[in-house]
Amino acid sequence: MMMEALPESRMILLIRDPRDVAASSMGARREGGWQYENRNKGERRSESPVDKDPDAFVKSRAKSYLQRIGIAKQAYDAHEGRKVLVRYEELRADALGTMRRIYTELGIPVNEGELIRAVEKHSWENIPEEEKGEGKIFRKATPGGWREDLTPEQVKTVEKITAPLLEEFYPS
């Protein structure tokens, strides 16, 4: 609706490998994870859904991601204005080049020096070490980290549920 109401607006569709989305969400929502801790400050702590039934949690997250990206993709496809598709993995591999491409495709003028400074300031490498790691909002920033974080059965679940996304955006 927003894109229809604002046809001259610009749109970015950001996609991330659904397996990494599931793994990241598990890390954030398990006991000790940043989302779990934020939600339970000062309250009696119940067992997190991740810790209670990790396989059911992964299935739920995969379904949710497929639905949310499906809706966003419909809006992206229908939008007739300037738009750009960005994969998270592209940002990690070449943040500056990807940001240049975003600005160019969206027709937004940008000062090269300012862009370089902004990318450097917010790069993974410039986040203080004490703010990174397990349980923190800045956990890994490693595309493909799902290989270490998900069980083989969880990988199969995510791949089965999100097959349309994987086929379109992450073909083998």
Task: Pairing residues for E80 by the side chain to side chain contact (heavy atoms under 4.5 Å, CB included) criterion, not counting sequence neighbours - done: none
Open item on the list: So, using side chain to side chain donor-acceptor pair (under 3.5 Å) as the criterion, who are the partners of E125 when residues are at least two apart?
Closed with: none
Task: Test side chain to side chain donor-acceptor pair (under 3.5 Å) applied to E153 - qualifying residues, sequence neighbours left out - done: none
TODO: Indicate if V119 and I127 have the same hydrophobic cluster label, given that clusters are the connected sets of ILVMFWY residues with side-chain heavy-atom separations under 4.5 angstrom.
DONE: no
Task: Euclidean distance, L66 CG relative to I71 CD1, rounded to 0.5 Å - done: 9.5 Å
Task: CZ on R147 to OG1 on T142, rounded to 0.5 Å - done: 11.5 Å
Open item on the list: Under the rule for salt bridge (Lys or Arg N to Asp or Glu O under 4.0 Å), what residues qualify as partners of E148, not counting sequence neighbours?
Closed with: K140
TODO: Give, for atom CD of Q154 and atom NZ of K59, the distance between the pair rounded to the nearest 0.5 Å.
DONE: 13.0 Å
Task: Pairs where residues 94-108 contributes a residue and the test side chain to side chain donor-acceptor pair (under 3.5 Å) is met, not counting sequence neighbours - done: E90-R101, R100-E112, R101-E105
Task: Minimum side-chain heavy-atom gap D17-L165 below 4.5 Å - done: no
Task: L85 vs F169 side-chain heavy atoms within contact, under 4.5 Å - done: yes
Task: Pairs where residues 67-78 contributes a residue and the test salt bridge (charged side-chain N to carboxylate O under 4.0 Å, His left out) is met, not counting sequence neighbours - done: K73-D77, K73-E168
Open item on the list: So which atom in S25 and which in R61 form the shortest heavy-atom distance, rounded to 0.1 Å?
Closed with: OG-NE, 3.3 Å
Open item on the list: If you compare all heavy atoms of H79 against all heavy atoms of K83, which two are closest, and at what distance to 0.1 Å?
Closed with: O-NZ, 3.0 Å
TODO: Consider only side-chain heavy atoms of I, L, V, M, F, W and Y, link residues closer than 4.5 Å, and tell whether I12 and V21 are in one cluster.
DONE: no
TODO: Keeping to residues at least two apart or across chains, list the side chain to side chain donor-acceptor pair (under 3.5 Å) pairs with something in residues 155-164.
DONE: R19-E159
- [ ] Tell me whether M99 is reachable from W124 by hopping between hydrophobic residues (I, L, V, M, F, W, Y) whose side-chain heavy atoms are closer than 4.5 Å.
- [x] no
Task: Side-chain touch S24/R16, heavy atoms, less than 4.5 angstrom - done: yes
Open item on the list: Test of understanding: clusters of I, L, V, M, F, W, Y form through side-chain heavy atoms closer than 4.5 Å, transitively. Do Y65 and Y170 belong to the same one?
Closed with: yes
Open item on the list: Does any part of the side chain of L150, heavy atoms only, come nearer than 4.5 Å to the side chain of M26, both counted from C-beta?
Closed with: yes
- [ ] May I ask whether L13 and I108 are part of the same hydrophobic cluster, defined by side-chain heavy atoms of I, L, V, M, F, W, Y residues being less than 4.5 angstrom apart, directly or through others?
- [x] no
Open item on the list: Using the rule given for side-chain contact (heavy atoms from CB on, under 4.5 Å), can you reason through T151 versus V58, listing the C-alpha separation, both sets of side-chain angles and the distance that settles it, and then say yes or no?
Closed with: CA-CA 10 Å; T151 67; V58 164; over 6 Å; no
TODO: Name all residues meeting the side chain to side chain donor-acceptor pair (under 3.5 Å) criterion together with Y88; count only those two or more places apart in sequence or in a different chain, and write none if there are none.
DONE: none
TODO: Find the distance between CG (L115) and CD1 (I102) and round it off to the nearest 0.5 Å.
DONE: 9.5 Å
Task: Qualifying residues under side chain to side chain donor-acceptor pair (under 3.5 Å), relative to S123, sequence neighbours excluded - done: N126
- [ ] Please report the shortest heavy-atom distance between A22 and V158, naming the atom on each side.
- [x] CB-CG2, 4.0 Å
Open item on the list: How long is the straight-line distance from CD1 of I15 back to OH of Y76, given to the nearest 0.5 Å?
Closed with: 9.5 Å
Open item on the list: Measuring from atom CG of D149 to atom CG of D20, what distance do you get when rounded to the nearest 0.5 angstrom?
Closed with: 8.0 Å
